[in-house]
Amino acid sequence: MTTRIHHLDCGTMHPFGAPGGRLMPRRMVAHCLLVERADGLVLVDSGFGTGDLADKARLGRPFLALVRPDLAAEQTAVAQLAALGHAPEDVTDVVLTHLDVDHAGGIGDFPHARIHVTAAEHRAAMEPATLLEKRRYIQAQWAHGPRWEVHEAGGDDWFGFTGVRAVGDDVVLIPLRGHTRGHAGVAVRTPDGGWILHAGDSYFWRGELETPPSYNFGMVGFQKLMAVHEKERRTNQERLRELRAGHPEVTVFSAHDAPELDALR
Ligand SMILES: [Zn+2]
């Protein structure tokens, strides 16, 4: 059972083209969750880790130049947990929306934890097939040999989506293919029995999920560029828009929208 949920930013970024915020937002976050459960701590997404800070070059020059992450030691999940009085070993499970550089960087700081990901995403990262996949996945982020928990597709109904149980009944992977081959949202049961949905990179900009949607010009281009299955990405974004409109009791948020994080913190 979930007893408490913390919303963390494990990697502020200031994307190129940000001045004025018209082309790209001035500030992007790496929205992660720390879920306190009776059985231990669960981390949802992991932002950048100490390994990324120690070897910034491993993130690649194009990423550093375009996305411009702060890479601050106090923002790593492991440092924020320490500030809350937790040891890395207290984290039993890390559930990842996908294995892009700004989501998987922190897993090296939790070598004891099970690392949950969809089977399709694991395959894409271990056997990248295209130039885009070869560039986006940083093999050094899992060179320590994580305890992977790879989840095949197929599960139960979750508000009309497929829900694949990851940690008990409280943390559920919601496959949302598009941004990457095995991209998923992560639904977490709240202490009062409701749900929140970390939608990962299903959308980047809060306006995209409003009805009717509004778009940030630069963000649309960036997302198209990074999408493996663009049509499915747009379809899944539409489904999330319907979820939010039809189920206001489910709180849906993006991995990267800063105002959404500020509102939830
Ligand atoms: Zn991302």
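In each ligand, atom 1 is the first atom listed, and ligand 1 is the first ligand listed. For this chain, numbers begin at 1 and follow the sequence in order.
- Between the side chains of D45 and T97, at least one donor N or O sits under 3.5 Å from an acceptor N or O.
- For the Zn ion (ligand 1), the count of nearby protein N/O/S atoms, taking only those under 2.8 Å, is 4.
- In summary, the side chains of T180 and E121 do present a donor paired with an acceptor at a separation below 3.5 Å, with no hydrogens or angles considered.
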Next on the checklist: The test is side chain to side chain contact (heavy atoms under 4.5 Å, CB included); show your working for V167 and T92 and say whether it passes.
Outcome noted: CA-CA 10 Å; V167 185; T92 59; 5.5 Å; no

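- Between H116 and H151, the side chains place a donor N or O and an acceptor N or O closer than 3.5 Å (distance only, hydrogens not considered).
- A side-chain contact (heavy atoms from CB on, under 4.5 Å) with D201 is found for exactly one of R233, H103, M226, namely H103.
- Side chain to side chain, H14 and D70 meet the donor-acceptor criterion of an N or O pair below 3.5 Å.
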